[in-house]
Amino acid sequence: MTPCQQYRGRLRAYIDNELTGNEKKNIENHMNECPDCEGHISEVSSLCHALKNLTPATTSENFHILLRERLRREMAGKHRKNPTQFIRWAPVFVVVVIAGLFILRQNQQPSPVTTSRELAKVKPVQMSKPTPTNTPVQYVDDKLKPSSVPFIAVRSEQNVDHVKRDSIVKQNNLQHIRRHVQTVSF
Amino acid sequence: MDRRINHKVPTDEVLIERFQNEDLYAFEQIVHRYKDQLTNFVYNFLGDRIDAEDVVQETFLRVYKNKHMYRRVAKFSTWIYTIAGNLAKTELRRRRRRRLMSISQMGFDNKDYDLVDNGPRPDSLVEGQMKEEKIRKEIDALPVRFKEVVVLRDVQEFSYEEISKILKIPIGTVKSRVNRGRARLQKKLRHLLEK
């Protein structure tokens, strides 16, 4: 590397006053001996000087007014409800509401039994146990096989003497009435 | 730029802290302190005064809205110049796209499109102004990576450390780009710089 190339590499540091002591002195000595390097450094220094002294641009007279107006508009826009934002989210909102209503409706309605396969899955209605209370009862005559009657007639206020599993005997009539009864309580 | 510390005048960091505590007068002082230097910086970057003011206003708007994002770990000047620099670069990119689009929309009817030069007549300008216009023109012609460092270093007189923080590039890269940017300007402006 020639001395010129070596010193040109330190040119920026020299112009920016980063060099001290011997290094700075060496460059200055070389500049005194080399007109090319001296001219080069001189041009760069002039350039830096010209850039530093460019007429600074300043703001216009109504800069503050314009800035205040811009700030006011910006803050007003921020606090006002933004209708475009609402419009953007409205479809999502509608979809969510519809989905919610659909799910709610599905949970409320029992699913209808339509096919025989579905019928087979349905459990038979079970007779409820008669409540041992003073609630009025009625009994109805029905011709059923004894075995199909899980429960016995409970009572009647009229002349029931005793009750057997599948029949009742009226008090005033000893005739054994074979009746198949089932109890319905209300 | 005068960087002497005056103990009677609140520092930028004190002002922004007051503004963060909803002191609007502190914001006014920040605007007063930075409007001209930011306008100068952005004007040297974009080459257009109206665009430069627009960018600077947008910078203050961002400072106003995002004041709580400033943390004392960095100097306030670093923060505000970073915002201004990024906005200026965005504007530059937007201009390039507009320029490309307007060229692509040109018709193919073989007409000559003569662009009217609305610049000042050379004979109406004094020599110093001409020299300045020429310098600004060459700064504007620099690639962005050289322009930003040369303007921050040689026009705005920031230190290399500060430039490194503003542009978020290593200090060695800053020095290298300053060197190369100056070399390009020197080549273009040689005839103006010769004594």
Side-chain angles (χ1 to χ4, degrees), chain A residues 1 4-20 23-24 27 31 34-80 82, chain B residues 1 24 27-28 31-32 34-44 46 48-50 52-54 56-62 64-65 128-129 131-136 138-139 150-151 153-157 159-160 175-176 178-183 185-190 192-195:
Chain A
M1 193 187 281
C4 288
Q5 285 171 332
Q6 185 185 346
Y7 289 120
R8 293 273 175 103
R10 303 299 285 153
L11 176 65
R12 184 209 54 76
Y14 175 76
I15 289 170
D16 289 336
N17 289 319
E18 288 179 6
L19 300 179
T20 54
E23 208 174 3
K24 185 177 178 182
I27 287 182
M31 274 165 59
C34 179
D36 283 344
C37 285
E38 198 271 336
H40 184 79
I41 287 173
S42 174
E43 277 177 9
V44 178
S45 297
S46 296
L47 171 67
C48 293
H49 182 78
L51 292 173
K52 186 179 166 183
N53 290 296
L54 283 173
T55 308
T58 54
T59 52
S60 57
E61 284 175 4
N62 55 350
F63 179 86
H64 277 281
I65 298 167
L66 290 172
L67 178 62
R68 273 197 205 107
E69 179 55 34
R70 206 162 162 171
L71 278 169
R72 193 194 60 77
R73 273 202 315 262
E74 186 71 27
M75 294 301 123
K78 195 178 163 183
H79 289 121
R80 197 185 311 131
N82 192 343
Chain B
M1 204 185 319
L24 290 178
F27 177 71
E28 296 270 336
V31 170
H32 182 74
Y34 276 93
K35 63 183 176 71
D36 287 335
Q37 57 177 290
L38 284 179
T39 301
N40 192 39
F41 165 58
V42 178
Y43 172 58
N44 281 308
L46 297 179
D48 185 282
R49 198 178 294 269
I50 295 172
E53 263 203 28
D54 198 52
V56 170
Q57 289 203 356
E58 182 63 31
T59 303
F60 286 123
L61 203 68
R62 299 276 176 111
Y64 189 95
K65 281 161 57 175
Q129 283 180 321
K131 186 177 171 182
E132 243 187 55
E133 285 299 319
K134 180 70 179 160
I135 292 172
R136 288 193 196 279
E138 293 306 331
I139 292 173
V150 166
V151 170
R153 174 66 191 167
D154 292 326
V155 179
Q156 304 292 123
E157 296 182 83
S159 68
Y160 286 109
K175 290 182 178 179
S176 165
V178 164
N179 209 22
R180 291 167 68 187
R182 284 175 181 167
L185 285 175
Q186 182 203 352
K187 199 173 166 184
K188 295 282 185 180
L189 298 169
R190 182 161 279 149
L192 286 178
L193 302 170
E194 284 167 355
K195 288 184 181 174

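Within every chain, numbering begins at 1; the chains are lettered A, B, ... in the order of the sequence lines, protein sequences first and strands thereafter.
Geometric assessment of A:R68 against the ring of B:F60 yields a negative cation-pi assignment under the 6.0 Å and 45° thresholds.
Per-residue heavy-atom pair counts under 4.5 Å with chain B were compared for A:A13, A:P56, A:A50, and the maximum is reached by A:P56. Of the listed residues (B:R49, B:K131, B:R153), the one with the most heavy-atom contacts under 4.5 Å to chain A is B:R153.
The structure places CZ of B:R182 at 8.5 Å from OG of A:S45, a figure rounded to the nearest 0.5 Å. Considering OG of A:S60 and CD1 of B:I50, their distance stands at 9.5 Å, rounded to 0.5 Å.
A 4.5 Å side-chain heavy-atom check between A:E74 and B:Y64 finds every atom pair outside the cut-off. Side-chain contact between B:F27 and A:L71 is present, with at least one heavy-atom pair separated by less than 4.5 Å. Side-chain contact check for B:K175 versus A:E18: some heavy-atom pair is nearer than 4.5 Å. Counting heavy atoms from C-beta outward, B:I139 and A:L54 have side chains that approach closer than 4.5 Å. Annotation: side chain of A:L67 is not in contact with side chain of B:K35 (no heavy-atom distance under 4.5 Å). Side-chain contact between B:D54 and A:R70 is present, with at least one heavy-atom pair separated by less than 4.5 Å.
Nearest heavy-atom pair, B:L185 versus A:L51, reported as atom, atom and distance to 0.1 Å: CD1-CD1, 4.2 Å.
When heavy atoms are compared at a cutoff of 4.5 Å, A:L11 does not approach chain B at all. With a 4.5 Å cut-off on non-hydrogen atoms, A:H64 touches chain B through its side chain but not through its backbone. For chain B, the nearby part of A:N53 is the backbone; its heavy atoms alone come within less than 4.5 Å. Contact annotation for B:V42: neither backbone nor side-chain heavy atoms come within less than 4.5 Å of a heavy atom of chain A. For B:F41, no part lies near chain A; criterion is any non-hydrogen pair under 4.5 Å.
The closest side-chain donor-acceptor pair between B:N40 and A:T58, if any, does not fall under 3.5 angstrom.
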